[in-house]
Amino acid sequence: MAVDLLLGLQWGDEGKGKIVDVLTSKYNIIARFQGGPNAGHTLVFNGMTHVLHTIPSGIFHDDAINLVGNGVVIDPVIFKRELDKLDEQKVDYTSKLIISRKAHLILPTHRLLDAASETAKGKAKIGSTLKGIGPTYMDKTGRNGIRVGDVELKGWKNRYRNLANKHEAMIDFHNVDIQYDLDELEIEFFEAVELLKSLQFVDSEEYIFQAMKNNKSILAEGAQGSLLDIDFGTYPFVTSSNTTAAGACTGLGIAPNKIGDVFGIFKAYTTRVGSGPFPTELFDKDGETMGRVGHEFGATTGRARRCGWLDLVALRYACQINGVTQLMMMKADVLSGFKTIKVCTAYNYKGESISHLPFNIEKQNVSPIYTEMKGWAEDLTSMDQASQLPQELNAYIDFLEKELDIPITIVSVGPDRKQTIFRS
Ligand code: GDP
Ligand code: IMO
Ligand code: MG
């Protein structure tokens, strides 16, 4: 059976966690394929809010297996905290959470290096979540990394020590004031590694291969968003992994011809957290309203998210790169009450109107060209049928479907699992 993919089409936080949770009942396996604890995926059901960072968003369902793939980077300390929360909620994960031996570990010194590198960059900083993501992927591609499977081997602590020593020298090189007590961080780290070792490690590419052969249904869960992709995002203001569909192939070991549906998730407007260009960003009352009504604060760092209108130039680009087959529009409820909704359909690029994403979308090169549509006043949050949606919202949806030539099959009208409208 082919593997379906679910990924974010903007700068992250589109609502991936919510939709994975909604769709999990249709799948046997939910598999995260990249990123790490820089992600914060929020699930709301039965009056409770849960935020997952590394653990796949199918974990609250009894029957699904949740796999952390080889493309993911795992911080054992944060992973332990996530497991502790699941324990508090009496979620038994022991038989349904499995981890790829080839996933790389985030060490305490990776986190420190992230902080040193960002501090040294000053005003040019990326706005990283400081979870050690960049340094860990650098060690992966530099062929120095320590993988989950290594902790089952004798002598891995020597490799750890050598790498941590090298990191300390690199931190010194940055010549910035970073205070830390490595002994203390290491006690916490090695304790967390022991807990990790009590979980089931697998050769995940073989596990997935056998599952496909046995007709198991698999949903691959992405983290971050397409515009944060290391190759196709707004470089250098990106994360350090391939967040796009290709990342699911390398992050799980799935051949490209085994990909089925590609579900692309986007907000009815746009947000971004951290630095980097954002052509449709608003600095006025409308942007403030989106942030307030949408509670736009990062699920991992608590930072306020920047807000702006929907950018169809960027969305079209993301759909092309990912081969999106179905779109899912999130947070439509947040736009209720806006008299006019704006959509950016093209950019004015150095005096010329263009509809593709150019190399550089910095403010000095690009300004958005908007189409205006009539807004709606109705509160959507208690609606559960497509037939209840206001006419102006349907016009907005029709417009986007025509522009992107992809059906919008889900409209989300609130954070709760139940606030999800399916469109045929
Ligand atoms: P993810 O990283 O893509 O999983 O998204 P986050 O969890 O970081 O951010 C999405 C935020 O929007 C969370 O607080 C969700 O609870 C919330 N959310 C998801 N869908 C909706 C929706 O349709 N309406 C509203 N108002 N909130 C939503
Ligand atoms: P989810 O999965 C939104 C952003 C950071 C920063 C840049 C690099 O919840 O959608 P990193 O920590 O990777 O070095 O940060 O990427 N970023 C995210 N923004 N949602 C995320 O994940 C993000 N993960 C990283 O804010 O700008
Ligand atoms: Mg998030």
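We count ligands from 1, going down the list as the structure has it; atoms in each ligand are counted the same way. Treat the numbers as computed from the prediction; the structure is a model and nothing was measured. As a basis for the values below, the full set of heavy atoms in this structure was taken, side chains included, without hydrogen atoms, waters or symmetry mates.
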[X]: numbered ligand 1 atoms lying under 4.0 Å from its heavy atoms:
X    : answer
H41  : 1 (P), 2 (O), 4 (O), 7 (O)
G17  : 4 (O)
M330 : 20 (N)
S412 : 20 (N), 21 (C), 22 (C), 23 (O)

Min heavy-atom dist M328 to ligand 1 below 4.0 Å: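 No.
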Ligand 2-proximal atoms of R303, by part, heavy-atom distance under 4.0 Å: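 Side chain only.
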Structural part of W11 in contact with ligand 2, heavy atom criterion under 4.0 angstrom: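 Backbone only.
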Output yes when the distance from some N or O of ligand 2 to some N or O of [X] is under 3.5 Å, and no in every other case.
X    : value
E14  : no
G40  : yes
S240 : no
K16  : yes
V273 : yes

Looking just at side-chain N and O atoms, do [X] and [Y] make a donor-acceptor pair shorter than 3.5 Å?
X    : Y    : value
Q388 : E378 : no
D311 : Y347 : yes
T244 : D229 : yes
D139 : H110 : yes
D4   : Y27  : yes
E168 : Y180 : yes
D177 : Q179 : yes

Could you check whether [X] pairs with [Y] (Lys NZ or Arg NE/NH1/NH2 to Asp/Glu carboxylate O, under 4.0 Å)?
X    : Y    : result
E296 : K331 : yes
K418 : D384 : no
D398 : K402 : no
K339 : E372 : no
E392 : K374 : yes
R306 : E281 : yes
E188 : K80  : no

State the atoms of ligand 2, each with its element, that fall below the 4.0 Å cut-off from a heavy-atom position in [X].
X    : value
G274 : 27 (O)
A39  : 1 (P), 2 (O), 9 (O), 22 (O)
A223 : 2 (O)

Starting from [atom], locate the nearest protein heavy atom and write down its residue, its atom name and how far away it is, to 0.1 Å.
atom                    : answer
atom 12 (O) of ligand 2 : T129 OG1, 2.5 Å
atom 13 (O) of ligand 2 : T239 OG1, 2.6 Å
atom 14 (O) of ligand 2 : S128 OG, 2.9 Å
atom 23 (C) of ligand 2 : Q224 CG, 3.6 Å
atom 10 (C) of ligand 1 : D13 O, 3.7 Å
atom 9 (O) of ligand 1  : R305 NH2, 3.4 Å
atom 5 (C) of ligand 2  : G127 O, 3.6 Å
atom 16 (O) of ligand 1 : P415 CB, 3.4 Å
atom 7 (O) of ligand 1  : T42 OG1, 2.5 Å
atom 6 (P) of ligand 1  : G40 O, 3.5 Å
atom 20 (N) of ligand 2 : D13 OD1, 3.0 Å
atom 7 (C) of ligand 2  : V238 O, 3.9 Å

Tell me the nearest of [options] to [atom], using heavy-atom distances.
atom                    : options              : answer
atom 17 (C) of ligand 1 : K18, R417, K331      : K331
atom 21 (C) of ligand 1 : G225, G414, G15, A39 : G414
atom 17 (N) of ligand 2 : L130, T42, L228      : L228

Closest contact, heavy atoms only, G134 versus S240: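 Nearest pair, atom of G134 first, then S240: CA-OG, 3.3 Å.
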Over all atoms of both residues, closest heavy-atom pair of S57 and L52: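 Closest heavy-atom pair between S57 and L52: CA-CD1, 3.7 Å.
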Does only the side chain of [X] get under 4.0 Å from ligand 1, or the backbone, or both, or neither? Count heavy atoms.
X    : answer
V413 : backbone
E296 : neither
D333 : side chain

Contact check, T301 vs ligand 2, heavy-atom distance below 4.0 Å: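 For ligand 2, residue contact (heavy atoms, under 4.0 Å) with T301 is absent.
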Pairwise side-chain contact, L282 with M290, heavy-atom cut-off 4.5 Å (strictly under):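 A side-chain contact exists here, since the closest heavy-atom pair is under 4.5 Å.
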Of all N/O/S atoms in D13, the name of the one nearest the Mg ion (ligand 3):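 This turns out to be OD1.
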Other residues, nucleotides, ligands: >12 heavy atoms within 6.0 Å of D405 CG: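 Count not over threshold, so no.
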Aromatic ring pairing F232/Y317, orientation class (parallel under 30°, perpendicular over 60°, tilted between):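 Rings of F232 and Y317: perpendicular, over 60°.
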Backbone or side-chain N/O/S of G40 under 2.8 Å of the Mg ion (ligand 3):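 Checking G40: at least one N, O or S atom is under 2.8 Å.
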F45 six-ring centre to R417 NZ/CZ under 6.0 Å and within 45° of normal: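 Yes, R417 lies over the aromatic ring of F45.
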